Amino acid sequence: MIITDTHTHLYSEAFDDDRSEVIERALEAGVTRFFIPAIDSSYTEAMYALQKSYPKQMFLMMGVHPTHVKENYLEELSHVKEQLETRKFVAIGEIGIDLFWDQSMLQKQQVMFRAQIQLAKQYKLPIVIHCREAFDEVFEILEEEKGADLFGIFHCFTGTFEQAQRAISFNMKLGIGGVVTFKNGKIDQFLNQIDLKHIVLETDAPYLSPVPYRGKRNESSYILNVLEKLSDIYGVSKDYIAEITTENSKSVFKL
Ligand code: NI
């Protein structure tokens with residue numbers, strides 16, 4: 001069984017004390033492919049160090065996370081462009097709009113989301129979308145940018161059935177993680193109406209731990225709890241879910 005964590009911040013300072021043990025636990029659990037979303041330039045060196053340690057398992061994305069779009073956003077965009085010119089990445093992410101923390105940055109977040117979608121198209125890469133309290137704003141931009149050259153993952157999908165269908169209509173897979181195990185997570189109510197070909201697995205470690213670890217630091221091995229829940233929801237084996245979601249991730253990231 002090959003399990004793919006399509007979204008894990010293993011370079012985060014949350015893992016500074018025990019990173020190798022965390023990765024070892026995941027590898028032992030069968031998680032052997034890790035897709036690493038960027039946050040901002042302050043983490044770039046840590047991401048490169050992680051990939052150097054595990055070159056066959058770690059696949060890096062490049063981009064600026066919407067909650068890290070600040071006054072210096074154009075410098076951050078230049079940093080992204082420079083990295084794209086010098087290295088290979090598997091996606092532009094995570095990018096998008098987050099109105100939960102700070103609504104005053106909406107306009108800058110929109111500028112950055114659009115600019116980074118352009119980069120994804122230029123480099124023929126998928127995008128990995130972060131969307132929090134901003135479905136309308138994200139869909140507005142996807143509507144403008146939609147086409148065969150726009151594809152990717154709607155990371156940590158937490159919307160309604162209709163929003164799920166809309167995301168899929170823009171060539172997006174749904175990234176499903178710990179939220180599916182929450183009692184109030186809601187997506188477990190309709191997920192079985194979404195074909196598994198649209199689903200990929202993720203943890204978003206160190207955030208959003210699945211039950212029974214909710215509230216604690218998340219790590220990639222906990223993806224087994226997500227797998228278990230999806231096996232219940234779809235009424236198929238965990239092996240089957242692991243296989244199809246790994247295949248889906250391969251088709252998005254083209255590796
Ligand atoms: Ni993330």
Side-chain angles (χ1 to χ4, degrees), residues 4 6-7 35 37 61 63-67 69 90-101 103 105-121 124-182 184-204 207-208 226 229-230 233-234 241 244-245 247-254:
T4 303
T6 61
H7 196 111
F35 290 85
M61 309 178 201
V64 182
H65 190 294
T67 63
V69 171
V90 297
I92 303 293
E94 55 185 292
I95 63 174
I97 299 179
D98 186 317
L99 297 178
F100 179 77
W101 297 104
Q103 302 189 358
M105 299 304 277
L106 173 61
Q107 216 186 347
K108 291 186 175 67
Q109 289 187 17
Q110 287 168 321
V111 168
M112 282 294 270
F113 189 29
R114 283 197 183 91
Q116 294 184 95
I117 287 174
Q118 297 309 325
L119 288 173
K121 289 179 174 179
K124 300 185 174 14
L125 291 173
I127 60 172
V128 171
I129 301 174
H130 171 109
C131 169
R132 192 163 184 200
E133 312 236 321
F135 273 104
D136 290 345
E137 291 79 2
V138 164
F139 284 144
E140 184 188 325
I141 292 178
L142 294 181
E143 188 66 48
E144 291 165 15
E145 299 289 343
K146 69 183 176 189
D149 56 352
L150 182 71
F151 62 103
I153 295 173
F154 219 100
H155 142 64
C156 188
F157 184 80
T158 51
T160 63
F161 178 59
E162 289 70 27
Q163 287 165 331
Q165 289 176 304
R166 188 135 191 240
I168 290 165
S169 78
F170 293 119
N171 300 326
M172 298 294 149
K173 309 270 185 227
L174 307 182
I176 302 298
V179 173
V180 77
T181 69
F182 296 176
N184 56 353
K186 295 195 180 85
I187 54 170
D188 57 317
Q189 311 289 324
F190 64 80
L191 213 52
N192 65 359
Q193 298 169 58
I194 305 280
D195 195 304
L196 272 171
K197 71 181 177 198
H198 302 300
I199 306 291
V200 293
L201 301 184
E202 61 170 56
T203 56
D204 202 17
Y207 312 106
L208 291 170
V226 176
K229 180 74 185 186
L230 283 180
I233 289 175
Y234 283 96
I241 303 260
I244 190 163
T245 53
E247 283 311 310
N248 295 343
S249 73
K250 287 180 177 174
S251 92
V252 174
F253 294 115
K254 301 196 176 79

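Being a predicted model, the structure only gives us computed values, none of them experimental. Index from 1, following the sequence.
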Can you measure from [atom1] ([X]) to [atom2] ([Y]) and round to the nearest 0.5 angstrom?
X: Glu133; Y: Asp98; atom1: CD; atom2: CG; result: 8.0 Å
X: Thr67; Y: Trp101; atom1: OG1; atom2: CH2; result: 8.5 Å
X: Leu230; Y: Ile176; atom1: CG; atom2: CD1; result: 7.0 Å
X: Ile129; Y: Lys173; atom1: CD1; atom2: NZ; result: 13.5 Å
X: His198; Y: Ile153; atom1: NE2; atom2: CD1; result: 13.5 Å
X: Ile97; Y: Cys131; atom1: CD1; atom2: SG; result: 7.5 Å

request  = Kindly write out the residues that satisfy ring pair (Phe, Tyr, Trp, His ring centres under 6.0 Å) with Phe135, not counting sequence neighbours, or none if the list is empty.
outcome  = Phe139, Phe154, Phe157

query = Listed by chain and number, what are the ring pair (Phe, Tyr, Trp, His ring centres under 6.0 Å) partners of His65, not counting sequence neighbours?
reply =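 Expected list: His68, His130.
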
task = Go through Thr4 and Val200 one step at a time and tell me if the side chain to side chain contact (heavy atoms under 4.5 Å, CB included) criterion holds.
result = CA-CA 8 Å; Thr4 303; Val200 293; over 6 Å; no

Flag side-chain contact, heavy atom, 4.5 Å: [X] against [Y]:
X: Phe182; Y: Ile187; value: no
X: Ile95; Y: Met112; value: no
X: Val64; Y: Gln116; value: yes
X: Asp136; Y: Glu140; value: no
X: Val179; Y: Leu208; value: yes
X: Glu145; Y: Gln118; value: yes
X: Phe253; Y: Met61; value: yes
X: Ile168; Y: Asp195; value: no

Using every non-hydrogen atom in the two residues, find where [X] and [Y] come nearest and quote the distance to one decimal.
X: Phe35; Y: Pro37; answer: O-CD, 3.4 Å
X: Thr160; Y: Phe190; answer: C-CZ, 3.5 Å
X: Ala120; Y: Pro126; answer: CB-O, 4.4 Å
X: Lys229; Y: Val180; answer: CE-O, 3.4 Å
X: Asn171; Y: Gly147; answer: ND2-O, 3.3 Å
X: Ile127; Y: Leu142; answer: CD1-CD2, 4.2 Å

Short side-chain to backbone donor-acceptor contact, [X] and [Y], under 3.5 Å:
X: Gln109; Y: Pro66; result: yes
X: Asn248; Y: Leu196; result: yes
X: Thr181; Y: Val226; result: no

Return yes when atom [atom1] of [X] has more than 12 non-hydrogen atoms of other residues, nucleotides or ligands closer than 6.0 Å, and no otherwise.
X: Lys186; atom1: NZ; result: no
X: Lys124; atom1: NZ; result: no
X: Gln107; atom1: CD; result: no

request  = Would you mind telling me which of Ile244, Ile241, Ile194 makes a side-chain contact (heavy atoms from CB on, under 4.5 Å) with Ile199?
outcome  =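 Of all the options given, the one that passes is Ile194.
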
Summary of salt bridge (charged side-chain N to carboxylate O under 4.0 Å, His left out) pairs that have at least one residue in residues 150-170, sequence neighbours excluded =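 For residues 150-170, and leaving out neighbouring residues, the salt bridge (charged side-chain N to carboxylate O under 4.0 Å, His left out) pairs sorted by first residue read Glu143-Arg166.
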
